[in-house]
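In what follows, residues are counted from 1 in the order of the sequence shown. Every number for a ligand or one of its atoms is a count from 1 in the order of the listing.
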Amino acid sequence: MQIYQGKSVFSGIAIGKIRVYKKKERLVKRMKAENPDVEIERFEDAKKRGIAQLGVLYEKACREVGEANAAIFEVHQMMMEDGSYNDSVRNMIKSQSVNAEYAVAATGDNFARMFEAMDDDYMRERAADVNDISERLISILNGDDTDVSLNEEPAIIVADDLAPSETVQINKDKVLSFVTVHGSLNSHTAILARTMAIPALVGTPLPLDEHVDGKLGIVDGSDGKIYVDPDDETLSVMQKRCAGEEEKKKLLLTLKGKDNVTLDGQKILLYANIGNIKDLAAVIQNDAGGIGLFRSEFLYLEQDHYPTEEEQFRIYKQATETMAGKRVIIRTLDVGADKQCDYFGMEKEENPALGFRAIRICLTRPEIFKTQLRALFRASVYGNLAIMYPMIISVDEVRRIKAIVEEVKASLSEQGIGYGTLEQGIMIETPAAVMISDELAKEVDFFSIGTNDLSQYTLAIDRQNTKLDSFFDPHHLAILRMIRMVVENAHKAGIWVGICGELGADQELTKEFLAMGVDELSVSPGSILPLRKIILETNVAEYKEGKKQ
Ligand code: PEP
Ligand code: MG
């Protein structure tokens with residue numbers, strides 16, 4: 001048995017035969033063109049066919065992975081029509097009297113090298129896209145343009161790298177997983193794989209030869225490993241884990257696409273909590289109605305510098321586009337307490353959970369806050385984005401936030417940068433916010449109850465301290481009464497209210513939350529379908545009646 005460690009793109013376990021996929025080596029020869037005009041015509045024809053092929057791929061990707069992820073093929077179409085790319089190919093044919101294949105290959109190489117030399121990660125990755133379109137054009141010019149087929153029998157596909165166009169052509173039913181030696185976690189291929197929910201690894205240094213090809217393999221997407229020729233013990237452990245996952249998938253299949261509606265017709269929204277765009281595939285796979293809590297602080301925690309406006313914008317845009325019109329609630333940064341970022345240079349505090357965290361940092365260091373707000377407002381153009389502010393204790397804070405938001409909007413308008421209209425809400429996670437929720441409700445579009453902190457601050461039990469477990473009652477009457485009070489105050493003011501703390505996923509309380517009239521539960525993606533099952537089986541009126549007796 002050999003084990004190779006890669007970077008996981010999507011979790012899950014795949015067991016099956018490994019098939020090494022090798023791109024056809026295309027040797028492009030430089031040839032003298034007797035008539036350069038004929039070569040230019042050949043290039044124009046190839047481009048037309050290439051654009052048509054990309055159109056077909058776009059449609060297929062739209063059906064399988066959604067419009068936002070399919071957009072890469074529209075980008076490829078645009079790249080094929082790009083003025084500089086086209087000028088370079090035509091000039092080379094004319095000035096050097098060379099064949100179209102050579103001019104495309106040389107231009108492709110030059111452009112890819114130019115992208116590779118850029119500082120920006122995102123731009124560097126576009127080199128793969130230029131190579132992809134040039135390869136396509138060369139195949140067409142060579143008369144060898146049948147699309148790659150990777151769908152003979154179900155297998156783990158192992159490759160040096162896979163272009164987005166190759167990934168989307170994979171027939172999902174026939175591919176158990178894919179593993180690449182190269183490729184980055186942010187490449188479009190990785191994004192597509194996540195959305196297709198195929199266990200996948202990139203950056204896995206394994207040989208692409210007979211040591212791997214045709215052998216039995218196990219891909220463990222949870223820890224990024226591929227086992228080649230596994231021993232009996234590993235195989236049996238993995239088969240058991242795989243069977244467990246199959247069970248979950250069956251549940252998923254029966255409940256996917258159903259409304260979250262009780263037997264007596266009460267509806268509730270089921271959204272997902274995420275901390276990273278890598279979680280988006282799980283959100284889609286589990287049929288979430290939206291994202292109820294995107295913990296944006298992970299973006300700050302994963303870096304050793306303040307994420308720039310551009311870095312943040314790209315991530316918020318991707319989340320918003322991927323959710324294609326469904327609500328995406330992004331919480332502004334909530335560092336401090338248990339989530340410390342060294343580069344923030346915060347002074348050590350006696351009591352960090354009661355110290356500088358979340359909105360308190362944003363209001364004292366508005367430059368950090370404004371960068372995030374600008375990125376959020378800019379991304380709001382791409383779908384249904386909402387902003388949520390954490391750790392609120394007063395109306396004054398909300399008004400100060402609003403004043404900063406107005407400044408940000410004014411500066412965007414001044415610069416001619418567009419932004420959408422978006423909902424702004426607050427987290428109710430301090431007892432103070434609960435007690436003045438009637439006043440707060442007049443200021444915002446929605447509430448989301450953060451039961452993790454609300455429990456910590458109400459019960460005076462440090463959420464990090466496991467030694468206090470015996471004192472901690474997650475169903476404490478004080479918490480349940482507070483939730484009820486917040487829901488009532490929200491509804492009186494005509495705004496909606498959700499729960500995004502862990503208690504939202506507590507199946508023992510689902511009926512109670514329905515009875516209280518909670519409008520939304522935002523939970524980890526894996527909890528959505530089990531909750532949907534309970535909702536579909538609940539009669540709220542009967543439950544309320546039963547409680548009275
Ligand atoms: C909460 O406090 O309930 C919450 C959702 O926020 P976090 O767990 O990130 O503090
Ligand atoms: Mg919290």
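Ion pair R400/E397 not flagged as a salt bridge, since none of the NZ, NE, NH1 or NH2 atoms sits closer than 4.0 Å to an Asp/Glu carboxylate oxygen.
Within E429, the N, O or S atom lying nearest to the Mg ion (ligand 2) carries the name OE1. Summary: OD2 is the N/O/S atom of D453 found nearest to the Mg ion (ligand 2).
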Do V335 and M346 pass the side chain to side chain contact (heavy atoms under 4.5 Å, CB included) test, and can you show the C-alpha distance, the side-chain angles, and the key distance before you say yes or no?
CA-CA 10 Å; V335 292; M346 305 294 291; over 6 Å; no

Please assess R241 against S222 for the test side chain to side chain contact (heavy atoms under 4.5 Å, CB included), listing each intermediate value before the final yes or no.
CA-CA 11 Å; R241 276 181 56 193; S222 58; 3.1 Å; yes

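No donor-acceptor contact under 3.5 angstrom links the side chains of Q318 and Y382, judged on distance only.
Shown here for Q5 and P205, the closest heavy-atom pair between the two residues is O-CD, 3.2 Å.
Partner of V434 under the side chain to side chain contact (heavy atoms under 4.5 Å, CB included) criterion, out of I449, T458, V486: V486 alone.
For ligand 1, residues of the protein lying within 4.0 angstrom by heavy-atom distance are L293, R295, R331, D334, K339, R357, M427, E429, G450, T451, N452, D453, R463, C500, G501.
The CG atom of D220 sits 4.0 Å away from the CE atom of M238 when rounded to the nearest 0.5 Å.
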